[in-house]
Amino acid sequence: MSGRFQTPRGTEDILPEEQPYWRAIHDAAGEVTRLFGYERLDTPTFEDAALFEKGTGDTTDIVEKEMYSFQDQGGEALSLIPEATPAICRAYLEHGLASRPQPVRLFTIARMFRYNRPQLGRLRQFNQFDCEVLGSGTALVDAELIELHWRFYERLGLENLEIRLGSIDDLEARRAYLDRLRDYYLPLRDQLSEDSQRRLDRNPLRLLDSNDPRDQELREGAPTMIDDLSPEAAEHFEGVKDGLTAAGVPFVVDPLLVRGLDYYNRTVWEIVPKGDGRQQSSIGAGGRYDGLIETIGGKPTPASGFATGLERVIIEMKRQELPLRDAGAPDAFVVHAGAEGGRAAVRAGAELRGAGFVTLLGESGRSFKAQMRRANGSGARFAIIIGEDEAARGVAALKDLREQGDQEDVPLGEIAARLGQELR
RNA sequence: GUGGGCGUAGCGUAGUGGUUAACGCGUCAGGUUGUGGCCCUGAAGAUCGAGGGUUCAAAUCCCUCCGUCCACCCCA
């Protein structure tokens, strides 16, 4: 089958049978944001490339090697959005949302693009549900976001998830910590795995979540950030934990939680399925980013938010075999034959749909047997049969497909009323 | 971006050098007069991911590319 076109690498079609998952996700997101009072804000699919270079950070992998960037015919440097947060912040500044009552609670559901090597749960084009609260630095806002995040999965019916919560302090304190961490590891360099020796220079935090046994042993004596937070960050962290406890949301403090974007400060969290060893298992993650808005040209504005990867959520929904609302079988399937029967079938269809009944028509030219098979396969409750004979008599034969046998003639024009009685 | 596994009809699989590539599900058509589910019969559907090479002979061996999955990396 090649030679034929196929979806570009790392992209996928969403076929009809996949749609119930997406419907469930949109319903759950809509419901949970409504309950928490979040408003939807949608941004463009592409933005000024510099927004992410500044916002996300031009030393991050996302910006350095994963952005789809291009120049348009007018010479503008643009990027397909790799994440929503800087775009939401841009919109917040551009439209003066800072002048509305603070904080502003927003959400979006959008496609994101990152050029990386595809894997299960890692696509080049993927969808995220994203919530942000701008204009508040309180711990309770973080707790609220984590709770909302949690309730979203809860509403979908997902179980066996775990919130991992951590704090990475503020920038200055984090730099000091990184120095301490490096000081600890430097003399031990030779004992580290090859990967970790490289990490020591590039991203020392990564040493802490290495899977290599050698690294894990050395980790025992390493300083941890969470036990040595600045007083302000420590108090904030306590506030987040208090808020979650009050909300009845379970969490585990993870001192090794080092994942996430560079702009995060203080609160960070991720939600993962318990006992899943895969690398792409985190289905959602978030954190506070008090410095980002200033970085992209706004006044210093505290903010916090999270994103959840919807394809990853669906992987987990399938794994947990969640029951989905089925799309709904048709109410009626109209079987017909002959020119006059065809016209009557179209009229019957219009009448039925006008009355709110989901109605499918059989294929003209196909045998009754074929059409009846299709009617049965469609799951329709009733078959409405209009052949030459019925059409001539101005009636349709109504047949309940749940039972054997019985069918009766109903005058054309009274079909919808009759179905109404049968289906209430 | 690095390393590795895999790639046979729409889907799931069998076949690992030798006649027209097999099976299940699905699709289509039939099983006497215009009627479904079960059953039966038949048909369509595959340049065996693509291109090149080795060989008398390749789905099967080799190379390249594409796709997918796993690890690394990154992250949702």
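Throughout, protein chains are lettered first and strands after them, A, B, ... in sequence-line order, and every chain is numbered starting at 1. All heavy atoms count here, side chains included; hydrogens, waters and symmetry mates do not.
- On a pure distance criterion of 3.5 Å, a polar donor-acceptor pair joins the side chain of Gln407(A) and the base of U35(B).
- Between A71(B) and Gln119(A), a contact under 4.0 Å exists linking OP1 or OP2 to a side-chain N or O.
- Atom C1' of U8(B) sits at a distance of 15 Å from the matching atom of G67(B), rounded to the whole Å.
- A donor-acceptor contact under 3.5 Å links the side chain of Arg373(A) to the base of G30(B).
- Expressed to the nearest 0.5 Å, how far CG of Asp331(A) lies from CG of Leu360(A) amounts to 10.5 Å.
- Separating the C1' atom of G26(B) from that of C11(B) is a span of 8 Å, rounded to the nearest Å.
- Across all strands, Ala375(A) comes closer than 4.0 Å to no nucleic acid atom at all (heavy-atom distances).
- At a threshold of 4.0 angstrom between heavy atoms, the contacts of Leu123(A) include nucleobase atoms, whether or not backbone atoms are also involved.
- Taking atom P in both C69(B) and U13(B), one finds a spacing of 15 Å when rounded to whole Å.
- Contact of Lys369(A) with U35(B) (side chain to base): no donor-acceptor pair of N or O atoms is detected under 3.5 Å.
- Arg366(A) comes within contact range of the sugar-phosphate backbone alone, with a heavy-atom separation under 4.0 Å but no base atom that close.
- For the C1' atoms, the distance linking U27(B) with C70(B) amounts to 35 Å, nearest Å.
- Of the candidates G3(B), U35(B), A76(B), A76(B) carries the atom nearest the Ser282(A) side chain, counting heavy atoms from C-beta on.
- With a cut-off of 3.5 Å on both Watson-Crick or G-U wobble distances, the partner of U27(B) is given as A43(B).
- Contacts of Ala383(A) with the nucleic acid, taken as non-hydrogen atoms under 4.0 Å apart, are absent.
- Within the cation-pi definition used here (under 6.0 Å to the ring centroid, within 45° of the axis), Arg124(A) qualifies as a partner of Tyr115(A).
- Sparse packing is recorded around CD of Glu39(A), with 12 or fewer heavy atoms of other residues, nucleotides or ligands lying under 6.0 Å away.
- Annotation: G7(B) and U60(B) have their C1' atoms spaced 14 Å apart (nearest Å).
- Among the heavy atoms of the strands lying under 4.0 Å from Arg374(A) are primed sugar atoms or P, OP1, OP2 only; no base atom is included.
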Residue pair Ile386(A), Leu412(A): steps toward the side-chain contact (heavy atoms from CB on, under 4.5 Å) verdict | CA-CA 9 Å; Ile386(A) 311 177; Leu412(A) 293 169; 3.9 Å; yes
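- The interatomic distance linking Arg122(A) (CZ) with A76(B) (P) rounds to 12 Å, in whole Å.
- The cationic group of Lys241(A) does not satisfy the cation-pi geometry with Phe251(A), failing either the under 6.0 Å distance to the six-membered ring centre or the 45° limit from the ring axis.
- Across C62(B) and A22(B), the matching P atoms stand 25 Å from one another, rounded to whole Å.
- Distance from the side chain of Arg312(A) is smallest for A76(B) among the nucleotides A76(B), G37(B), U27(B).
- Of the nucleotides present, none pairs with G37(B) by Watson-Crick or G-U wobble criteria with both distances under 3.5 Å.
- For the C1' atom pair drawn from U16(B) and C48(B), the interatomic distance equals 13 Å after rounding to whole Å.
- A residue-by-residue look at Glu83(A) and Thr11(A) shows that Thr11(A) has its nearest nucleotide of RNA chain B further toward the 5' end.
- Closest to the side chain of Phe368(A), out of C69(B), G34(B), A76(B), is G34(B).
- Using the six-membered ring where Trp is involved, Trp22(A) and His26(A) have ring planes that are tilted, between 30° and 60° apart.
- For the C1' atoms, the distance from G17(B) to G36(B) is 49 Å, rounded to whole Å.
- Among the protein residues, Gly341(A) comes within range of no part of the nucleic acid, since none of its heavy atoms lies under 4.0 Å from any strand.
- Nucleotide U55(B) forms a pair with no other nucleotide shown, judged by Watson-Crick or G-U wobble geometry with both contacts under 3.5 Å.
- Checked against U27(B), C74(B), C70(B), the side chain of Glu66(A) finds its nearest nucleotide in C74(B).
- The aromatic rings of Tyr289(A) and Tyr264(A) sit tilted, their planes meeting at an angle between 30° and 60°.
- Proximity note for Arg117(A) (side chain, C-beta onward) versus A29(B), A76(B), G3(B): the nearest is G3(B).
- Here Ala337(A) lies out of heavy-atom contact (under 4.0 Å) with every strand.
- Heavy atoms of Glu64(A) sit nowhere under 4.0 angstrom from any nucleic acid atom.
- In this structure, the nucleotide among U35(B), G34(B), C28(B) sitting nearest to the side chain of Glu390(A) is G34(B).
- Among Phe306(A), Tyr38(A), Phe36(A), the one residue that satisfies the ring-ring contact (aromatic ring centres under 6.0 Å, His included) test with His149(A) is Phe306(A).
- Across all strands shown, A22(B) forms a Watson-Crick or G-U wobble pair, both distances under 3.5 Å, with U13(B).
- Heavy atoms of Lys399(A) sit under 4.0 angstrom from at least one base atom.
- Each of Arg9(A) and Met372(A) lies near RNA chain B, and the nucleotide nearest Met372(A) is the one positioned closer to the 5' end.
- The side chain of Tyr115(A) contributes no N or O atom lying less than 4.0 Å from OP1 or OP2 of C74(B).
- When both distances must be under 3.5 Å, the Watson-Crick or G-U wobble mate of U64(B) is A50(B).
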